[in-house]
Amino acid sequence: MSVIRIAAASDAAAILNIYAPYIENTSYTFETEVPTTESFQQRIKDYLQAYPWIVCEINGVIAGYAYASKHRERVAYQWSVESSVYIHDDFHRAGVGTALYSAMIEILKWQQFRNVYAVINLPNDSSVAFHESMGFDHFATYKNVGYKLGKWKNVGWWELQLNEYFYEPPEPTKFSQMPKEIVEEIFRTAEKFLSV
């Protein structure tokens with residue numbers, strides 16, 4: 001059985017099982033130390049107050065996860081978010097990333113965000129191709145902005161417009177306040193992208 005659902009604190013260990021190799025062996029994330037399960041549980045809880053953090057579960061295994069986070073601290077930035085997605089090695093090319101991002105993008109639209117940004121540590125051809133297939137466009141590259149695993153790294157920025165820009169936009173709705181029936185409907189639609 002394959003489902004998209006909201007992440008729970010109890011998923012932290014399974015999510016870290018996916019995330020830890022990226023921390024330890026790649027510069028795809030600039031995080032350098034694997035968080036404890038307890039701190040990652042709190043991270044999930046904190047994010048879920050305002051932003052979606054969702055997982056794809058296939059036959060009881062967390063196959064991937066995606067989440068959105070605050071773009072910047074200043075209030076005027078509140079209509080923009082950043083996005084991340086990570087897939088378990090055993091579930092690449094199974095539609096997991098597409099299903100997760102399709103759901104997350106629809107949720108962010110409903111919340112009334114205007115922009116979502118993907119920050120990709122370069123080179124990462126597969127992530128670039130994936131984000132562009134989801135409609136993101138490259139607009140900037142920060143050169144030599146981070147140092148990890150003995151190398152200076154470039155970071156590329158990709159953007160996707162979620163809603164129209166107009167005067168006096170309402171504040172985005174917190175994810176925790178979204179009607180559950182709307183979230184579930186979005187999940188069921190996104191699950192059609194799964195090929196397992």
Side-chain angles (χ1 to χ4, degrees), residues 4-57 61-74 77-78 80-92 96-101 103-105 107-108 113 115-132 134 136 138-160 175-176:
I4 305 293
R5 61 172 176 80
I6 299 172
S10 57
D11 295 320
I15 292 173
L16 278 173
N17 185 50
I18 296 171
Y19 186 42
Y22 288 97
I23 297 173
E24 296 172 326
N25 305 319
T26 80
S27 59
Y28 293 163
T29 172
F30 279 174
E31 195 153 6
T32 57
E33 295 184 7
V34 178
T36 65
T37 301
E38 292 74 19
S39 67
F40 211 69
Q41 287 174 334
Q42 191 60 51
R43 186 184 302 189
I44 293 170
K45 291 178 185 177
D46 291 344
Y47 278 42
L48 281 172
Q49 290 302 308
Y51 309 102
W53 188 318
I54 59 179
V55 300
C56 176
E57 185 174 340
V61 176
I62 302 296
Y65 68 98
Y67 63 90
S69 57
K70 182 182 294 187
H71 174 57
R72 290 286 187 272
E73 286 295 329
R74 300 288 185 257
Y77 286 117
Q78 67 180 303
S80 295
V81 294
E82 296 179 21
S83 62
S84 297
V85 60
Y86 292 90
I87 309 301
H88 192 292
D89 283 344
D90 293 342
F91 293 97
H92 286 284
V96 174
T98 301
L100 286 166
Y101 251 39
M104 188 171 66
I105 288 168
I107 289 169
L108 294 173
F113 290 108
N115 310 295
V116 56
Y117 299 109
V119 185
I120 303 176
N121 298 336
L122 303 173
N124 189 342
D125 292 345
S126 61
S127 184
V128 169
F130 168 72
H131 282 87
E132 291 184 350
M134 299 298 297
F136 286 73
H138 177 260
F139 71 96
T141 297
Y142 293 179
K143 294 183 178 180
N144 300 314
V145 70
Y147 184 84
K148 186 178 178 184
L149 299 177
K151 293 182 179 179
W152 286 100
K153 304 298 295 185
N154 295 344
V155 169
W157 286 76
W158 274 255
E159 63 184 347
L160 177 67
F175 180 65
S176 57

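Here CD1 of I4 is found 11.5 Å from CE of M104. Values are rounded to the nearest 0.5 Å. Summarising the geometry, atom OH belonging to Y51 is positioned 14.5 Å from atom CD1 belonging to I107; distances are rounded to the nearest 0.5 Å. How far CD1 of I6 is from CD1 of I54: 9.0 Å, rounded to the nearest 0.5 Å. Between the NE2 atom in H71 and the OG atom in S83 there is a gap of 11.5 Å [rounded to 0.5 Å]. Rounding to the nearest 0.5 Å gives a distance of 10.0 Å between CG of D46 and CH2 of W53. Here Q41 contributes atom CD and D11 contributes atom CG; the two are 9.5 Å apart, rounded to the nearest 0.5 Å.
When the salt bridge (Lys or Arg N to Asp or Glu O under 4.0 Å) test is applied to E159, no partner is found at least two apart in sequence or on another chain. Legend: residues meeting salt bridge (Lys or Arg N to Asp or Glu O under 4.0 Å) with E31, ordered by chain and number and at least two apart, are R43. Qualifying side-chain hydrogen bond (donor to acceptor under 3.5 Å, both in side chains) partners for S69, counting only residues two or more places apart in sequence or in other chains: none. Under the side-chain hydrogen bond (donor to acceptor under 3.5 Å, both in side chains) criterion, Q78 pairs with no residue at all, not counting sequence neighbours. The salt bridge (Lys or Arg N to Asp or Glu O under 4.0 Å) check on K148 picks up nothing, with sequence neighbours excluded.
The nearest pair of heavy atoms linking L48 to A7 is CD1-O, 3.3 Å. The shortest non-hydrogen separation linking I62 to R5 is CD1-NH2, 3.5 Å. Considering every non-hydrogen atom in both F40 and P35, the closest pair reads CD1-CG, 3.9 Å. Here the shortest heavy-atom pairing between I18 and A63 reads CD1-C, 4.2 Å. Between L100 and A66, the shortest heavy-atom distance links the atoms CB-CB, 4.0 Å. G150 and Y147 get closest at one heavy-atom pair: CA-OH, 3.4 Å.
Residues W158 and F139 are not in side-chain contact: their nearest non-hydrogen atoms beyond the backbone lie 4.5 Å or more apart. Between I44 and I15 the shortest side-chain heavy-atom distance falls below 4.5 Å. Within the 4.5 Å cutoff, the side chain of T26 has no heavy atoms near those of the P21 side chain. Looking at V155 and T141, their side chains never come closer than 4.5 Å, going by heavy atoms from C-beta outward. When side chains are defined from C-beta on, E33 does not count as touching E24, because their heavy atoms never get closer than 4.5 Å. Looking at heavy atoms from C-beta onward, Y65 lies out of side-chain contact with I87 at the 4.5 angstrom threshold. Annotation: side chain of L108 is in contact with side chain of V81 (closest heavy-atom distance under 4.5 Å). For the pair M134 and I105, the minimum side-chain heavy-atom distance is below 4.5 Å.
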>> Is there a side chain to side chain contact (heavy atoms under 4.5 Å, CB included) between L160 and N115? Walk through the geometry before answering.
In response: CA-CA 6 Å; L160 177 67; N115 310 295; over 6 Å; no

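Residues Y101 and F130 bring their aromatic ring centres within 6.0 Å. Note: Y67 and Y47 meet the aromatic proximity criterion, with ring centroids under 6.0 Å apart.
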N/O donor-acceptor pairs under 3.5 Å from side chains in residues 117-128, not counting sequence neighbours:
from	atom 1	to	atom 2	distance (Å)
N121	ND2	S27	O	2.7
N121	ND2	Y28	O	2.9
N124	OD1	S126	OG	3.2
N124	OD1	S127	N	3.2
S127	OG	H131	ND1	3.3

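The main-chain N or O of K153 is never found under 3.5 Å from a side-chain atom of N144 such that the two would form a donor-acceptor pair.
Open room surrounds OH on Y77; 12 or fewer heavy atoms of other groups in view lie less than 6.0 Å from it.
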